[in-house]
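Beneath this line is the structure, given in structure tokens, with notes to follow.
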Amino acid sequence: ACTKRRWEKFIASLELEKKLEFDEGDLGLAGGIQRVEPAGHNRVMQESIRRFGGPTSADSPWPEEKLGEVDEDDRYDRLEAFIQKAIRRMTRKMATVRQQRSNSIHSSEKSFGSDA
């Protein structure tokens, strides 16, 4: 059992009325508990938050998205995915080449040592 005073102190310590910061200077909604994790922990290739400029009035209509058209953000997302895939391939290839060189050096050292 928990006293009412203790419960209220706990709720106040959560600071649920405080807005959460998504990114530096980018305040989001209040009412949550923020957890910080390493940037590379859950990589997201495509941003799921779409931002639109203009007034935030509920009476203002949302900007219309044109169906069938590829917007600039989509092109950049595809380009970024392509570049990251290419970097992963090059990194794997470089690791393979280093391993082969290392194996080659060790085998030549063994054969050199057996000549003596």
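Values below: every heavy atom of this structure, side chains too, minus hydrogens, waters and symmetry copies.
We find the CD1-CZ distance between I11 and R6 to be 13.0 Å, quoted to the nearest 0.5 Å. From R98, atom CZ reaches atom CG of N103 across 14.0 Å, with rounding to the nearest 0.5 Å. Between atom OG1 of residue T3 and atom CD of residue E8 there is a gap of 8.5 Å, rounded to the nearest 0.5 Å.
Residue E21 comes nearest to Q34 through the heavy atom pair O-NE2, 2.6 Å, listed as atom of the first residue, atom of the second, then distance. Residue W7 comes nearest to C2 through the heavy atom pair N-SG, 3.7 Å, listed as atom of the first residue, atom of the second, then distance. Minimum interatomic distance between A30 and E17 (heavy atoms only, all atoms of both residues): CB-O, 3.4 Å. Closest approach of I33 to L20, counting heavy atoms only: N-CD1, 4.2 Å.
Counting only distance, with no hydrogens or angles, the side chain of T96 and the backbone of R92 share a donor-acceptor pair below 3.5 Å.
The salt bridge (charged side-chain N to carboxylate O under 4.0 Å, His left out) check on K9 picks up nothing, with sequence neighbours excluded.
Connection of L16 to F10 is established within a shared hydrophobic cluster, with ILVMFWY side chains joined at heavy-atom distances below 4.5 Å, either directly or through further cluster members. Tracing side-chain contacts under 4.5 Å through hydrophobic residues (I, L, V, M, F, W, Y), one never reaches Y76 starting from F82; they form parts of separate clusters.
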